[in-house]
Amino acid sequence: MTVEIEIAGAVGGFTYDVTLSAGDELLVLYGHSGAGKTVTLRAVAGLERPQRGRIAIADTVVFDAARGIALPPQARRAGYVVQDAALFPHLDVRHNVLIGVERSAEAQRRWADLRALLRIEDLDDRRPHQLSGGQQQRVALARALVRPTHVLLLDEPFSALDEALREGLRSELVRLHRELALPILFVTHDLREAHLLADRIAVIDGGRILQLDTRDRVFRRPLSRRVAELTGVRNLWPGTADGRDVVVAGLPLRLPDDSRLNGPVDVGIRSERCNLRRLHPDGDLPENCFVAGVVEDLAFGNTHTLVLEPEAAGPRVLVEVAARPYEVLRVADVHRWVVELPADDLQIMRRLP
Amino acid sequence: MLRHAWVVLPAAFALFFIVPLVGLLVRAASDGDVGAQLRAGSTWTALRLSVMTATFALALAIVLGTPLAYALASSRASWARLAATLLDLPLVLPPVVSGIALLTVFGRRGYLGEPLAEAGISLSFTTAAVVIAQLFVAGPYYLRSAYAGFAGTDPRFQGVAYTLGLSRWTTFRRVTLPLVWPSLAGGAVLCWARALGELGATLLFAGSLPGKTQTMPLAIVTAFESSAGLAGAVSIAVILVGFALLLLLLLHRYTNAVGPYR
């Protein structure tokens, strides 16, 4: 099944213009709060009416502004789960899930399956306030899936839960996704969650999709400086590219093999992708290396973030070192290092005016 | 002892309500003749009229007020909030003013009253007028509470219910209504109680005709102004207080036991 979205509109003073489509995959809509993720989900669910555009779910056009089509939420077969589950507080679990479909044998059968799949077998008679946050979300998922569903819309479903619960639910969602074979649009502002769950990621900012790509391409080959910033790239410098080479702060660097940009560019590299090497006084510096001195050392428990200033040409760089190599290399005792920016890990983006 | 000294003030406040009621009882026992009033047919007529009209006014408030409160609370338009505020106005008006306002519309010379009178329908100084006066004065208590209830429900419950395929009516009946039930029940009790005690608007708009428009409060005023004086008034008053207390207790039990929200 597929979902195709091409919508534009305004809510309050916020404008959005979103185009994306998804097949039987887990597509993560990633961005800061207020980026336009939730409004996109609500438009698909039929709870928000865009001014322009078209939405099709499983080949059924559910919204088409030009043709005046706007199916009500009831007719869209879109399962919608919100951040704090929104279980009906006056109904027990069973009635929350089966509300409106109590007499459907098909729904009863699916409820039996889902109870096992989501591990909520013994909760039928409980009220929402008697459930943990994780159980509430499972029940909300079951409620969305117990009726015929052609797309599953999850709006930050795990962000109100503590980390341990989230881990469990995430892996369960991945399992569920394999069983269901339907598009799942998953909204999150949590980078790690996006990375863990996504088949593909749509990076949203200011009501626009900046990049929609496979997870690895979004993380390794961001299209713009803004995407790099949003996906946690902490080293970003202006540079001048010339095919496979780029000059950053006077330092020539080799770029990945597939680079073809010329002229003013932004160059980025994730701080955990930078290497530190011991300085040998008489050796030549290899490609993409420069000498720099540690000016700051921030300890984050399992990692350290070092700030290094170049001695000659080269950019100021943040390098993340895991705790173990940090100790083995005795980073704390050494001031001068060779910093390597591996060509394959360099990201190169056209500089937007 | 000093640790609990703060209790004095709230306790005094509670007594402020209780002592006059006790005074009423004591006075009725010493001066009045509750037994005679209870045997008098006129007391029962007034009581029956009071209960009937107040209950009818409440029924109208629920039937007409629930959709109105829902519509106002669901609307995002700014005029809806203005309208909700306007509907509170009868709460602050002296009931006598409400009575005059009703006369200007429904009175024999009123904007609606005159055409109605020509059609052979006269409202003022009838039992229907009592209900109208009570509805006008007490209805806003129900409206206010229902509006607050509907406005306070998380709109996401509705949104989620729609995506689950529940129609608007099913959503209202099975999701929204149970959630606002406490507000509706509380508003209903207030509305009914206020209607039962209504005096000023009824007096002006419906008059004080025994058996027709003379409700309990009016009967009490009439007794007070007659030769029976305070003694006669307290006797009827005690009957009204006792009856109201009984019905309030029953109503509370009923709304707690029958409400779909438990």
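Numbers restart at 1 for each chain; the letters A, B, ... are given by sequence-line order, proteins then strands.
Heavy-atom distances place no part of A:Arg42 under 4.5 Å from chain B, backbone and side chain included. Looking at A:Ala86, the atoms closer than 4.5 Å to chain B (heavy atoms on both sides) sit in the backbone and in the side chain alike. Contact of A:Leu87 with chain B is made through the backbone alone, with heavy-atom distances under 4.5 Å.
Within 6.0 Å of atom CG in B:Leu9, 12 or fewer heavy atoms from other residues, nucleotides or ligands are found, so the atom counts as exposed in its surroundings. Heavy-atom neighbours of A:Arg175 CZ from other residues, nucleotides or ligands within 6.0 Å: above the threshold of 12. A 6.0 Å sphere centred on CZ of B:Phe172 holds more than 12 heavy atoms belonging to other residues, nucleotides or ligands. In this structure, A:His150 places its NE2 atom where more than 12 heavy-atom neighbours from other residues, nucleotides or ligands lie under 6.0 Å away. The neighbour count for B:Tyr111 OH, taken as heavy atoms of other residues, nucleotides or ligands under 6.0 Å away, does not exceed 12.
No side-chain heavy atom of B:Thr170 sits under 4.5 Å from any side-chain heavy atom of A:Ile99.
Closest approach of A:Glu102 to B:Arg174, counting heavy atoms only: OE2-NH2, 2.6 Å.
By a heavy-atom distance cut of under 4.5 Å, B:Arg156, B:Phe157, B:Gly159, B:Val160, B:Ala161, B:Tyr162, B:Thr163, B:Leu164, B:Gly165, B:Leu166 are the residues of residues 139-166 of chain B near chain A, going up by number.
With rounding to the nearest 0.5 angstrom, the CD atom of A:Gln74 is 6.5 Å from the OG1 atom of B:Thr171.
Listed options A:Arg143, A:His95, A:Arg76 were ranked by heavy-atom pairs under 4.5 angstrom with chain B; first place goes to A:Arg143.
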